[in-house]
There are 2 protein chains.
Amino acid sequence: MSEAARILPNLPKIASARPQSLPYEPVCALFRRYLHGSNLKFTPERAMILDAVLRQTGLFEAERLVGELQKLGHRVSRATAYRTLAHLQDAGILKQVFFDNKQSYYEVIAGRQTYDYLICVATGKVIEFSSDKLRKLRDEICREHGFEPLSHQFHIFGLSPESQNTAQPAPTDVERDPVGAPTKD
Amino acid sequence: MSEAARILPNLPKIASARPQSLPYEPVCALFRRYLHGSNLKFTPERAMILDAVLRQTGLFEAERLVGELQKLGHRVSRATAYRTLAHLQDAGILKQVFFDNKQSYYEVIAGRQTYDYLICVATGKVIEFSSDKLRKLRDEICREHGFEPLSHQFHIFGLSPESQNTAQPAPTDVERDPVGAPTKD
DNA sequence: CTGATTGCAAACACTTTGCAGCAGA
DNA sequence: TCTGCTGCAAAGTGTTTGCAATCAG
């Protein structure tokens, strides 16, 4: 039970307020340019995967991608999917996101702003948000350290509004050491 | 090569400015209180693991913990280490951190402020920092979403001062699509 | 005493990789 | 034609789990 607070429950249901999908053309052109510049080839498999990727709203996992492609009757192996996801990252189209130690999640970043996430440890629900203040703070922190930022990940784990109703922490879960608890943070 | 920008190189070398170690007594008491309250037992193995955990500075992996314990002649199985790490999280003593899809990292949070990280994608070096502004911004964002924050993770991936000298991006790495690149972020 | 704990080894799940045949450019 | 690409199945690896013996309270 208390496990829920530690490990993110399975596939997150993303609450997305972002545009449904992105125009395929420009991103595809970007990908082809990247492939060409790296002596790689633009194959039907890669095209299908990019297509499926752009159809995603919010975070998604490799598994979902493969599943959707198979459902469409397309025959793409896991290996190719993973290999292509890597290329898409190098091309600056995708960003890999780490929420848990089970699997990687991916987020499309090409041509759109990036998002950060609020993760409900009770329900596993993931809420996206985008904050300019955060980006500014990030740059400020980097400046202080002479660091050149390339990307970032900001995950807030907590309780969503819905899950807060259901009483305190949890029924069967013994009181979470109310005393001496670390500075909640 | 460009992989370096995607996957965090092995075990990070933490640049830590935090106090070397934490007094064992109070944290141990906290742990015992938690165990007692959950009908769990305080065993020698758990004591040794907690001890090793508190000896860590900055982030560490399960592997390192087991290694250090064995080096000290203590006989603790991986299974027990992982099981205890889970309990330590539930007790609010540890926080699990996700940097990559290879393994989990852990950070002691009991009685100290938490940290966030700057990760150099070129060298794998990890620099800790702590920011009140970030905590405030986090709370502000949560308030806007009716979310109750429990913990967070903020990772900034980029280039450390040292790695910036060595020319542009990388020698063999073809130009990273200068055109149409996503809003670096 | 009794239920929780431990170590071991097997199981797991996501991801990566070797290889032989296939196919962009 | 010359590389790079694909699928498959096997290998990898961090983490979890079943189980019988052991131990804390």
Side-chain angles (χ1 to χ4, degrees), chain A residues 3 6-12 28 31-50 59-67 69-70 74-90 94 96-106 174, chain B residues 3 6-12 28 31-50 59-67 69-70 74-90 94 96-106 174:
Chain A
E3 308 260 315
R6 222 176 328 105
I7 308 291
L8 182 68
N10 267 321
L11 312 181
C28 181
F31 191 34
R32 300 187 71 144
R33 210 177 311 137
Y34 160 78
L35 290 173
H36 182 73
S38 300
N39 259 107
L40 300 175
K41 294 168 181 174
F42 184 71
T43 67
E45 287 81 4
R46 288 178 180 169
M48 292 193 308
I49 292 172
L50 173 57
L59 290 179
F60 63 93
E61 323 82 39
E63 189 53 39
R64 175 180 319 195
L65 216 57
V66 175
L69 286 172
Q70 293 188 334
H74 297 135
R75 192 171 311 289
V76 184
S77 69
R78 264 174 192 23
T80 297
Y82 279 109
R83 286 188 278 234
T84 302
L85 284 172
H87 287 312
L88 288 170
Q89 285 175 72
D90 288 341
L94 275 186
Q96 198 169 19
V97 180
F98 308 111
F99 270 171
D100 56 43
N101 62 2
K102 299 299 181 196
Q103 63 191 296
S104 290
Y105 297 86
Y106 300 86
V174 188
Chain B
E3 307 258 314
R6 219 176 331 104
I7 308 291
L8 182 67
N10 266 319
L11 312 180
C28 181
F31 191 35
R32 299 186 72 145
R33 209 178 312 137
Y34 160 78
L35 290 174
H36 181 74
S38 301
N39 258 106
L40 300 175
K41 294 168 181 174
F42 184 71
T43 67
E45 287 81 5
R46 287 177 180 168
M48 293 194 305
I49 291 172
L50 173 57
L59 290 179
F60 63 93
E61 324 82 39
E63 188 53 38
R64 176 182 317 194
L65 217 56
V66 175
L69 285 172
Q70 292 188 335
H74 298 136
R75 193 171 309 291
V76 185
S77 69
R78 263 174 191 31
T80 297
Y82 278 109
R83 286 188 278 233
T84 302
L85 284 171
H87 287 312
L88 288 171
Q89 285 175 71
D90 288 341
L94 275 186
Q96 198 170 20
V97 179
F98 308 110
F99 269 170
D100 56 44
N101 63 0
K102 299 302 179 193
Q103 65 195 134
S104 290
Y105 296 87
Y106 299 86
V174 188

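Protein chains get the first letters and strands the later ones, always in sequence-line order, with residue 1 at the start of each.
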**Student:** Quick one: does any side-chain atom of B/Arg46 pair with a main-chain N or O of B/Thr84 as donor and acceptor, under 3.5 Å?
**Tutor:** no
**Student:** Which protein N or O atoms sit under 3.5 Å from an N or O of nucleotides 11-15 of chain D?
**Tutor:**
unit_1 : atom_1 : unit_2   : atom_2 : d
D/dT15 : OP1    : B/Ser104 : N      : 2.7
D/dT15 : OP1    : B/Ser104 : OG     : 3.4
D/dT15 : OP2    : B/Tyr82  : OH     : 2.3
D/dT15 : O5'    : B/Tyr82  : OH     : 3.3

**Student:** Tell me whether the side-chain N/O atoms of A/Thr80 come closer than 4.0 Å to OP1 or OP2 in D/dG7.
**Tutor:**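 Yes, within the criterion.
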**Student:** Got a second to check how far B/Asn101's CG is from A/Asn101's CG, nearest 0.5 Å?
**Tutor:** 10.5 Å
**Student:** So, for A/Leu59 and A/Arg64, which heavy atoms are closest and what is the spacing to 0.1 Å?
**Tutor:** O-NH1, 4.2 Å
**Student:** When rounded to the nearest 0.5 angstrom, what is the spacing between CD in A/Glu61 and CZ in A/Phe99?
**Tutor:** 10.5 Å
**Student:** Rounding to a whole Å, what distance do you find between B/Leu85:CG and D/dT17:P?
**Tutor:**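 Computing the B/Leu85:CG to D/dT17:P distance gives 15 Å.
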**Student:** Mind listing the closest non-hydrogen atom pair of A/Leu50 and A/Cys28 along with its distance?
**Tutor:**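 In this case the closest contact between A/Leu50 and A/Cys28 is CD2-CA, 3.6 Å.
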**Student:** Note the angle between the end axes of the helix from C/dC1-D/dG25 to C/dA25-D/dT1, five pairs defining each, rounded to 10 degrees.
**Tutor:** 40°
**Student:** Given side chains that start at C-beta, do those of A/Tyr105 and A/Gln103 come closer than 4.5 Å, heavy atoms only?
**Tutor:**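 Yes; the side chains approach each other to less than 4.5 Å.
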**Student:** Round to a whole Å and report the spacing from CZ of A/Arg64 to C1' of C/dT15.
**Tutor:** 18 Å
**Student:** What is the distance, rounded to the nearest whole Å, between atom CE of A/Met48 and atom C1' of C/dA23?
**Tutor:**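 Rounded to the whole Å, the gap is 14 Å.
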**Student:** Measure the acute angle between the ring planes of B/Phe42 and B/Phe31, then classify it against the limits of 30° and 60° as parallel, tilted or perpendicular.
**Tutor:** perpendicular
**Student:** OP1 or OP2 of C/dG7 versus the side-chain N and O atoms of B/Arg75: is any pair under 4.0 Å?
**Tutor:**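 No, because none of the side-chain N or O atoms of B/Arg75 sits under 4.0 Å from OP1 or OP2 of C/dG7.
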**Student:** Quickly work out the A/Phe99 CZ to C/dA13 P distance and round it to whole Å.
**Tutor:** 22 Å
**Student:** A/Glu45 has an atom CD; how far is it from atom P of D/dG4, in whole Å?
**Tutor:**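 Taking atom P of D/dG4 as the reference, CD of A/Glu45 is at 17 Å.
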**Student:** Any idea which heavy atoms bring B/Val66 and B/Ala81 closest together, and the distance?
**Tutor:**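 Heavy atoms of B/Val66 and B/Ala81 come nearest at CG2-CB, 3.8 Å.
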**Student:** Show the distances under 3.5 angstrom between N or O atoms of the protein and N or O atoms of nucleotides 18-25 of chain D.
**Tutor:**
unit_1 : atom_1 : unit_2  : atom_2 : d
D/dA24 : N3     : B/Lys41 : NZ     : 3.1

**Student:** What I'd like to find out is whether the side chain of A/Lys41 reaches to under 4.5 Å of the side chain of A/Leu35, using heavy atoms alone.
**Tutor:** no
**Student:** Without decimals, in angstroms, what is the distance between B/Asn39 CG and C/dT2 P?
**Tutor:** 16 Å
**Student:** In whole angstrom, what separates A/His87's NE2 from C/dG24's P?
**Tutor:**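 Taking NE2 of A/His87 and P of C/dG24, I get 16 Å after rounding.
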**Student:** Do the side-chain N and O atoms of A/Glu45 and A/Thr80 include a donor-acceptor pair separated by under 3.5 angstrom?
**Tutor:** no
**Student:** Would you mind reading off the distance between A/His36 atom NE2 and C/dG24 atom C1', rounded to a whole angstrom?
**Tutor:**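 Going from NE2 in A/His36 over to C1' in C/dG24 covers 13 Å.
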**Student:** Using side-chain heavy atoms (C-beta onward) and a distance below 4.5 Å, is A/Val97 in contact with A/Tyr106?
**Tutor:**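 Result no, sub-4.5 Å side-chain heavy-atom pair not found.
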